[in-house]
Amino acid sequence: MNILAELRQRLRHALESVCDDPDAWCGLVKPAQDPKFGDYQANCAMPLAKRLGANPRELAAKIVAALDIADVCDVPEIAGPGFINLRLRPDFLEREANRVCSDERLGVPAATNPKRIVVDFSAPNVAKPMHVGHLRSTVIGDALYRILGFLGHHVVGDNHVGDWGTQFGMIIFGYKHFLDQAAFARNSVAELARLYRLVNQLSDYHDLREALPAQRAEQARRRDQLQAAEAAPPPADKPALDARKKELKRLHADLAALAEEITAAERKLAAVEADAALAAVAAAHPTIASAAREETARLHAGDPGNLALWRQFIAPCLAAIQTMYDRLEIHFDMTQGESFYQPFLAEVVAELSNRGIARESDGAVCVFVPGATAPFIIRKSDGAFTYATTDLATIAWRVRELRADTILYVVDARQADHFKLLFATAELWGYRDVELRHISFGTILGDDKRPFKTRSGDVVGLESLLDQAVVEARRVVDDGASEDTGESGTAFDAASRDRIAEVVGLGAVKYADLSQNRESDYVFSWEKMLAKTGDTATYMQYACARVGGIFRKAGVERGDVRRQAGAIRLTNPPERELARQLLRYSEALEQAAAEYRPNFLTQYLFDTANCFSRFFESRECAVLKAETEDLRTSRLLLCDLTARILSHGLSLLGIHTLDRM
RNA sequence: GUCUCCGUAGCUCAAUUGGAUAGAGCGUCGGCCUCCGGAGCCGAAGGUUGCAGGUUCGAGCCCUGCCGGGGAUACCA
């Protein structure tokens with residue numbers, strides 16, 4: 001049972017006698033902020049009284065009188081300006097706890113009207129190695145996929161990989177001109193990545209070199225402009241003075257940004273020119289950028305040679321990213337990249353054009369969404385389609401073939417504008433029944449608060465991050481963190497230690513990302529990623545291992561305790577707190593699903609492990625040395641239920657637990 | 001220029017969408033293994049929620065204006 005939902009339902013009935021729109025108000029039942037206010041609180045009396053012109057405390061009393069919850073709560077208290085405080089009855093808590101104990105679904109009801117939800121996540125560019133930037137989409141998307149699935153929805157996980165864009169033109173060009181046969185034979189993916197980087201670097205080189213004189217001229221112009229502005233006599237009145245100050249500051253900032261851009265360009269140029277061989281290659285291919293674009297165009301036009309190369313490249317690239325997913329245990333129901341939608345693109349453009357939704361502008365075919373400044377370009381002036389076109393075709397396909405009710409795009413916040421235009425265009429096109437949602441997440445920043453890079457300027461590879469996390473975890477295991485207990489680290493054989501390190505290490509990385517509110521940017525820190533104390537997956541895993549320890553010491557199988565005749569009894573505060581917390585699992589999942597925010601679940605799990613630790617350490621809650629046999633069974637059941645919920649909750653985040661660690 | 005997001009404890013982040021005395025973790029300081037696993041527990045210090053107004057019973061959250069910082073902004077995805 002979802003207790004919160006139940007209380008809302010009860011309140012709704014009570015409100016029927018007070019107002020004519022109870023549905024609008026019953027949502028104002030919330031978990032209490034402070035234990036002294038009870039377990040839940042209804043905050044509806046104040047705003048409702050205002051609307052009805054009544055006294056809020058009197059209205060609260062009226063609501064309480066109409067409220068039929070004697071079987072669930074003690075008599076409600078009315079506090080402060082009109083809060084209705086609800087305290088769950090001990091016998092209700094016991095009854096529910098015992099019910100959940102024997103419930104496969106741990107008290108979480110399945111959705112009564114399941115939806116068909118497509119979760120579009122991860123979506124790396126297959127031509128490039130995965131890096132930390134891919135972690136958020138992958139991990140958050142996977143968690144949402146699992147949570148929504150457990151809640152009973154029909155979920156389709158789709159990895160919309162980038163397998164058809166300009167990067168393949170670059171690789172094809174690189175393959176034709178710079179291939180190292182031996183390296184390709186040894187490790188095709190690494191060699192393709194090298195070719196991509198090389199062509200990219202050379203294209204940049206020429207572009208930057210061409211742009212540099214103009215940039216320098218611009219820099220000089222702005223410097224003069226700034227000097228002139230600074231030399232001008234300061235205006236007398238305050239507003240004008242402020243405006244001038246602001247203007248000067250802006251000029252300074254612009255100039256600094258430009259200078260930085262020029263420095264970066266110079267550094268890139270120098271990197272090529274310092275390497276004689278590289279400089280020679282660059283000189284030999286002055287039009288490399290357009291040549292690469294032409295290779296892309298030929299591929300898109302169906303050129304047999306390029307298509308054959310593309311096929312040859314795509315398989316090992318997909319296999320390479322698959323090893324990453326295997327390690328992270330990320331599952332997709334389909335991996336349908338951009339290339340899949342290629343046959344539908346022309347039709348999308350034709351239809352939107354014919355229906356007057358799109359029109360030509362400067363040679364490109366665009367949709368001008370009312371209220372938006374930038375156009376949504378569905379065909380470039382050179383005739384090529386864009387990812388806008390692909391995304392539209394993808395919506396059509398998912399609605400037609402998958403009967404999607406909802407499509408979630410787990411994508412970086414920087415693409416918010418793109419999705420706004422995409423969704424608006426889809427609506428103009430007639431897709432009004434499908435719910436399209438951008439599950440946006442913030443950028444990973446470095447210590448300098450700018451998008452994350454290592455000192456060398458490269459992004460941190462995903463694999464090395466995972467490796468380091470596992471190595472770190474292995475070190476803790478080898479140190480024998482729990483050596484005092486008689487279950488020391490040294491008691492584990494090498495295979496067990498590897499397993500523990502892998503579970504703990506990967507759990508730490510995933511949890512660090514999931515416990516963050518996805519909307520906010522966050523500063524990447526190895527320390528945080530590798531942490532094993534505090535609000536970490538390790539903390540929950542440790543709680544599970546402690547439960548395992550208790551049962552080992554008791555010589556009892558966890559499943560057996562559940563099947564025995566005993567029952568949970570709540571005889572003191574730590575037991576009660578723990579039980580109440582365990583009964584909230586359903587609420588936590590609903591909340592996480594409603595906002596598509598896994599951090600609500602991590603928060604719940606941390607609170608739960610915390611409740612358990614207090615229970616575990618409390619002298620009044622000894623399990624094995626409980627005062628009576630009944631109490632011992634009751635507490636064993638509480639331990640078992642705690643571990644089941646922690647374990648299950650973590651599994652929905654893609655994180656394993658261990659019986660011992 | 002326009003649009004958009006953000007500013008919370010020394011640091012990294014929460015805050016149940018307008019609720020009661022703003023919470024965690026890390027770090028710092030002080031207590032806990034004669035007791036089921038110390039990867040733990042208990043406690044302390046630490047805040048004018050960037051600033052100034054406004055809306056109301058009530059504001060970190062909503063409105064206005066400033067200050068500061070990201071991001072996006074016509075043919076890369």
Side-chain angles (χ1 to χ4, degrees), chain A residues 4 28 30-34 36-37 41 43 46-47 49-50 56 79-83 123 125 162 164-167 242 246 338 361-366 372-382 384 386-388 390-391 412-418 420 440 442-443 445 449-451 473 476-477 479 481-488 504 515-517 519-523 525 527-528 531-536 538-539 541-543 545-554 587-588 591 595 599-600 603 606-607 610 613-614 616-619 621-626 635 639 660-661:
Chain A
L4 182 57
L28 290 176
K30 318 218 153 140
Q33 302 255 344
D34 189 307
K36 76 179 174 209
F37 300 135
Q41 58 184 49
N43 302 335
M46 288 90 77
K50 182 176 181 175
F83 292 104
N125 189 322
W164 194 247
T166 47
Q167 73 277 11
D242 285 350
K246 204 169 161 183
E338 295 167 337
S361 170
D362 287 352
V365 180
C366 306
T373 45
F376 197 52
I377 299 176
I378 57 175
R379 202 182 68 197
K380 300 195 287 185
S381 50
D382 66 3
T386 69
Y387 75 135
T390 312
D391 281 355
D412 195 296
R414 283 174 290 192
Q415 294 195 38
D417 286 350
H418 165 73
K420 227 171 270 168
S440 145
T443 311
L445 308 174
K449 309 273 166 143
R450 315 185 106 176
V476 178
V477 176
D479 281 354
S482 49
E483 62 190 339
D484 291 341
T485 67
E487 301 200 55
S488 97
V504 171
S515 57
Q516 211 95 189
N517 179 337
E519 305 264 17
S520 43
D521 293 348
Y522 77 89
V523 177
S525 114
E527 197 185 329
K528 187 164 59 181
K532 303 206 169 27
T533 60
D535 184 7
T536 60
T538 313
Y539 180 63
Q541 290 165 330
Y542 182 64
R546 280 172 135 186
V547 170
I550 289 179
F551 276 87
R552 269 193 301 282
K553 196 150 270 185
E587 291 171 25
Q591 200 186 7
E595 304 280 334
N599 69 308
F600 285 130
Q603 182 64 50
F606 180 59
D607 290 342
N610 215 338
S613 292
R614 274 199 289 273
F616 182 90
E617 306 255 351
S618 144
R619 284 162 201 276
C621 295
V623 177
L624 297 179
K625 293 178 183 169
R635 289 180 186 153
C639 288
R660 49 198 296 181
M661 60 192 273

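Note on naming: letters A, B, ... go to the chains in the order of the sequence lines (proteins, then strands), and numbering restarts at 1 for each one. Just so it is clear, the values below take in all heavy atoms, side chains as well, and ignore hydrogens, waters and symmetry mates.
When Watson-Crick and G-U wobble pairs are counted only if both distances are under 3.5 Å, B/C35 pairs with no nucleotide at all. Base pairing of B/C62 is made with B/G54, judged by Watson-Crick or G-U wobble geometry with both donor-acceptor distances under 3.5 Å. Partner assigned to B/G47 is none, using Watson-Crick or G-U wobble distances below 3.5 angstrom. B/C3 and B/G71 make up a base pair, with Watson-Crick or G-U wobble contacts both under 3.5 Å. B/G25 and B/C11 make up a base pair, with Watson-Crick or G-U wobble contacts both under 3.5 Å. In a base pair of the Watson-Crick type (N1 to N3 plus N6-O4 or O6-N4) or a G-U wobble (N1-O2 and O6-N3), with each distance short of 3.5 Å, B/U16 is matched with no nucleotide.
The ring of A/F37 lies on top of the base of B/A20, close enough and flat enough: under 5.5 Å between centres, under 30° between planes. By the criterion of a centre-to-centre distance under 5.5 Å and near-parallel planes under 30°, the ring of A/F83 forms a stack with the base of B/A20.
Atom-to-atom distance recorded for A/T443:OG1 and A/D412:CG is 4.5 Å, nearest 0.5 angstrom. One distance of note links CG of A/N125 with CH2 of A/W164; it measures 14.0 Å at 0.5 Å rounding. Note: A/K528 NZ to A/Y522 OH = 6.5 Å, rounded to the nearest 0.5 Å. Note that CG of A/D362 is 9.0 Å distant from CD1 of A/I377, once rounded to the nearest 0.5 Å. Considering NE2 of A/H418 and OG1 of A/T386, their distance stands at 8.0 Å, rounded to 0.5 Å. A/R546 CZ to A/C639 SG: the interatomic distance, rounded to the nearest 0.5 Å, is 10.5 Å.
B/C63 takes the anti form, because its glycosidic angle lies more than 90° either side of 0.
One donor-acceptor pair, N or O on each side, does fall under 3.5 Å between the base of B/U16 and the side chain of A/Q33. The base of B/A14 lies outside donor-acceptor range of the side chain of A/Q516, with no N or O pair under 3.5 Å. In the interface, the side chain of A/K36 is paired with the base of B/U21 through a donor and an acceptor atom under 3.5 Å apart. Counting atom types as modelled, A/S361 pairs a side-chain N or O with a base atom of B/A74 as donor and acceptor under 3.5 Å.
Rounding to whole angstrom units, CG of residue A/N610 and P of B/G43 are separated by 11 Å. In this structure, A/R552 places its CZ atom 14 Å from P of B/C36, rounding to the nearest Å. Rounded to an integer number of Å, the gap from A/E617 CD to B/C36 P is 11 Å. Remark: C1' of B/G37 and CD of A/Q541 are 15 Å apart, rounded to the nearest angstrom. Per the geometry, CH2 belonging to A/W164 stands 18 Å off P belonging to B/C76, to the nearest Å.
At the heavy-atom level, A/T538 lies under 4.0 Å from base atoms of the strands shown. Contact annotation for A/S525: no contact, since no heavy-atom pair falls under 4.0 Å across all strands. Note on A/D362: a base of the nucleic acid sits closer than 4.0 angstrom, heavy atoms only. When heavy atoms are screened at a 4.0 angstrom cut-off, A/A554 is found touching no nucleic acid atom at all. A/D535 comes within contact range of the sugar-phosphate backbone alone, with a heavy-atom separation under 4.0 Å but no base atom that close. Contact annotation for A/V623: base contact, defined as any heavy-atom pair under 4.0 Å involving a base atom. Within the nucleic acid shown, A/D412 has no heavy atom closer than 4.0 Å to any nucleic acid atom.
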Show the distances under 3.5 angstrom between N or O atoms of the protein and N or O atoms of nucleotides 69-72 of chain B.
unit_1: B/A72; atom_1: O2'; unit_2: A/D417; atom_2: OD2; d: 2.8

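B/U8 and B/C51 are spaced 10 Å apart, taking the P atom of each and rounding to whole Å.
Side-chain contact annotation: A/Q603 with A/N599, donor-acceptor N/O pair under 3.5 Å absent.
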